[in-house]
Peer 1: 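Before anything else, here's the structure in question.
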Amino acid sequence: MDPALPVEASKRHIILDALRGFALLGICMANFPEFSLYSFLPVEASSMMPTSGWDLVTKYFLSIFIDGKFYTIFSLLFGIGFSIIISNVSERGGNALVVFYRRMFFLLLIGFLHLMYIWSGDILMLYALMGMILPLFLKVSDKVLLWCAWILLFLPVVLDFLLEITGVSLSAPIVDWQWRECAKVGITEDNFAYWLRDADSYSKVFDFLIQGAIVRIQEFVDGHRWFKVLGLFMIGLYIGRHRLYADLERRKDLLHRVAAWGLCLGLPLSCLYAWESMSGHPFGLAAHSLIYFASVYLTAFGYIGAICLFYLNHREAPYWKVLAYPGRMALTNYIGQSLIGMLIYYGTGFGFGADTGLIFVELTVICVFIFQICFSAIWLSFFRFGPLEWIWRCLTYLRLFPILKNK
């Protein structure tokens, strides 16, 4: 059997594609405040907008229901996907690790191009790098795997406590590096929020992306993001190892507990997280990290449990297919969101950045996601894979797959 054959549509689990589509919506809602340059605006400028009251409500909504939760779901799904790839290739007699590492290498390349030439908020490079570590845990027991996962997820809390009591800043040299790069092209604190809106050529956008890539490194250092991503990948590996997504009916009691505990505890803690974040972290860095740990993961797992239960009760409903369309083209749609954000908000496009209130940014996200649903549905009616998914698959297996459905 050919280990490079694609997964047949009939063998796909629609709940995974639907969850992936759901995660893409949340990621778009989390990312577009930065694409729109709203996140960069001085407080004085954002407070002068006519939508400032609604924008404040929107900020709280995002902090409570969105921040961190959908990136958590997306990371879990990547971990599950890695497990499925390794399992499928092994069952078909292929060299799973060779295929897997080649897949991660090309994901790393795609992420690098995305980071350097489209958007500084790329997560794909980190996914690829952490994914390369995942095979080291293929043979460990479930107990060890889950303990390692939770240790990695909690480790940022410990690190932030140590950094807070010692007064050490790991990212200080990176921040200095960033501002040195800014000085080379004339980016200052005064024009930082407006640079991309006023950019009249891609070269100016690229100047901003260079310093933005350095900022991304700083964010990973300050947020200890590599530990979080690897921990979530391990939980995804555990879910994939036991195919927990394949027989949800038998796991209904578990899903009820996950949804109930996750949402009943996670959402109130998320309200605390939102207030603490909007108030400038009055309890300190370590407390902020602890609240993040307690609120984000509980709520994200609660979302997953609730969606799976809803799916079990309404599995024939047409909206699952609607949500699954963008999920089947997650890579294309993730990078597509970046291209759409550039088109709408940067000076090389329509130039609406830095002048749009947050409430309108999020309403735009809904329109963008509806467009991506329609685009994905139309594309997949003619093609087997999304365009970037097809390229990634061909590079992974070093062969040209037919992309048209009639071939």
Peer 1: State, with a plain yes or no, whether a side-chain heavy atom of L343 is found less than 4.5 Å away from one of F352.
Peer 2: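 Side chain of L343 against side chain of F352, heavy atoms only: no contact under 4.5 Å found.
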Peer 1: Taking the side chain as everything from C-beta on, heavy atoms only, tell me whether H224 gets closer than 4.5 Å to L163.
Peer 2: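 The answer is yes, as the side chains (C-beta and beyond) meet within the 4.5 Å cut-off.
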Peer 1: Taking the six-membered ring for Trp and the single ring otherwise, decide whether the centroids of F74 and Y71 are under 6.0 Å apart.
Peer 2: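 That pair fails the under 6.0 Å test.
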Peer 1: What orientation do F192 and W179 show, parallel under 30°, tilted 30 to 60°, or perpendicular over 60°?
Peer 2: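 Ring orientation of F192 relative to W179: tilted.
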Peer 1: Heavy-atom count check: over 12 atoms from other residues, nucleotides or ligands less than 6.0 Å from F350 CZ?
Peer 2: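 No, because the 6.0 Å sphere around CZ of F350 holds 12 heavy atoms or fewer from other groups.
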Peer 1: Please state whether the rings of F385 and F401 are parallel, tilted or perpendicular, taking 30° and 60° as the class boundaries.
Peer 2: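 Correct class here is perpendicular.
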Peer 1: When the ring centroid of F154 is compared with that of F227, is the distance short of 6.0 Å?
Peer 2: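 Ring centroids of F154 and F227 are no less than 6.0 Å from each other.
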Peer 1: Under a 3.5 Å distance rule, please check whether Q178 uses its side chain to pair with a backbone N or O of I214 as donor and acceptor.
Peer 2: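 Not a single qualifying donor-acceptor pair exists.
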Peer 1: Step through it carefully: locate the ring centre of Y127, locate the ring centre of F233, and say whether they are under 6.0 Å apart.
Peer 2: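 When the ring centroids of Y127 and F233 are compared, they turn out to be within the sub-6.0 Å range.
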Peer 1: Decide yes or no for L62 and P33: does some side-chain heavy atom of the first lie under 4.5 Å from some side-chain heavy atom of the second?
Peer 2: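 Contact flag for L62/P33 side chains = yes.
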Peer 1: Please state whether the rings of F206 and Y117 are parallel, tilted or perpendicular, taking 30° and 60° as the class boundaries.
Peer 2: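 Rings of F206 and Y117: parallel, as their planes differ by under 30°.
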Peer 1: For Y273 and S63, test the side chains for any donor-to-acceptor distance below 3.5 angstrom and give the result as yes or no.
Peer 2: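 Result is no, nothing qualifies.
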